[in-house]
Amino acid sequence: MKLIIRNLDRSTTEEEVKTLFEGYGSVQSCDLVSDKTTGGSKGFAFVEMPKAGEAKAAMKNLNNTTVAEKKIRVKRAVSKTE
């Protein structure tokens, strides 16, 4: 299941996001979206977790939690075809 994480602090690293989600299960991929010109974080990321149960647990437990003084939002990422 692919999740989108919004409202990340711009200083949060991809490794920090991955570690946060690994607390709930295996992480297949973690992509912190960065600005093409500056290379800095855009404040959101995608995390893919192969087991739906683990992804749902991460979503439930991490949504609206504070990371680096910002309240993050975690939802299921929906593709344009869905």
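What you see is a predicted model; the values in this text were computed from it and never measured.
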Enquirer: Give, for atom OG1 of Thr12 and atom CD of Glu69, the distance between the pair rounded to the nearest 0.5 Å.
Expert: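 Interatomic distance, Thr12 OG1 to Glu69 CD, rounded to 0.5 Å: 10.5 Å.
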Enquirer: Is it the case that more than 12 heavy atoms not belonging to Lys56 sit under 6.0 Å from its NZ atom?
Expert: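 No - once you tally the heavy atoms of other residues, nucleotides and ligands closer than 6.0 Å, there are 12 at most.
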Enquirer: What is the minimum heavy-atom distance between Glu22 and Val27, and which atoms define it?
Expert: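 Glu22 and Val27 have their closest heavy atoms at CG-CG2, 3.6 Å.
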Enquirer: Thr66: which residues meet the side chain to side chain donor-acceptor pair (under 3.5 Å) condition with it, sequence neighbours left out?
Expert: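 So Thr66 forms no side chain to side chain donor-acceptor pair (under 3.5 Å) with any residue.
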Enquirer: With a cut-off of 3.5 Å and sequence neighbours excluded, list every side-chain donor-acceptor pair involving residues 34-48.
Expert:
{"from": "Asp35", "atom 1": "OD1", "to": "Thr37", "atom 2": "N", "distance (Å)": "2.8"}
{"from": "Asp35", "atom 1": "OD1", "to": "Thr37", "atom 2": "OG1", "distance (Å)": "2.5"}
{"from": "Asp35", "atom 1": "OD1", "to": "Thr38", "atom 2": "N", "distance (Å)": "3.0"}
{"from": "Thr38", "atom 1": "OG1", "to": "Gly40", "atom 2": "N", "distance (Å)": "3.2"}
{"from": "Ser41", "atom 1": "OG", "to": "Gly43", "atom 2": "N", "distance (Å)": "2.9"}

Enquirer: With Thr65, which residues qualify under side-chain contact (heavy atoms from CB on, under 4.5 Å), at least two apart?
Expert: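 For Thr65, the residues satisfying side-chain contact (heavy atoms from CB on, under 4.5 Å) (neighbours in sequence not counted) are Leu62, Val67, Ile72.
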Enquirer: Atom CZ in Arg73, atom CD1 in Ile5: separation rounded to 0.5 Å?
Expert: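 The CD1 atom of Ile5 is 11.5 Å from CZ of Arg73, to the nearest 0.5 Å.
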Enquirer: So, taking the atom named NZ in Lys18 and the one named OG in Ser29, what distance separates them when rounded to the nearest 0.5 Å?
Expert: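 Rounded to the nearest 0.5 Å, the NZ-OG separation comes to 9.0 Å.
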Enquirer: Tell me every residue that passes side-chain contact (heavy atoms from CB on, under 4.5 Å) with Ala55, counting only those two or more places apart in sequence or in another chain.
Expert: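 Residues passing side-chain contact (heavy atoms from CB on, under 4.5 Å) with Ala55: Met1, Leu3, Met49.
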Enquirer: What is the minimum heavy-atom distance between Pro50 and Ser26, and which atoms define it?
Expert: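 Here Pro50 and Ser26 meet closest at CD-O, 3.4 Å.
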Enquirer: Applying side-chain contact (heavy atoms from CB on, under 4.5 Å), can you list everything that pairs with Thr13, at least two apart in sequence or on another chain?
Expert: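 Glu15, Glu16.
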Enquirer: Test of understanding: with side chain to side chain donor-acceptor pair (under 3.5 Å), list the residues that count as partners of Asn63, not counting sequence neighbours.
Expert: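 Asn63 satisfies side chain to side chain donor-acceptor pair (under 3.5 Å) with no residue once adjacent residues are dropped.
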Enquirer: If the condition is side-chain contact (heavy atoms from CB on, under 4.5 Å), which residues does Asn61 pass it with, not counting sequence neighbours?
Expert: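 For Asn61 the side-chain contact (heavy atoms from CB on, under 4.5 Å) partners, ignoring immediate neighbours, are Tyr24, Ala57.
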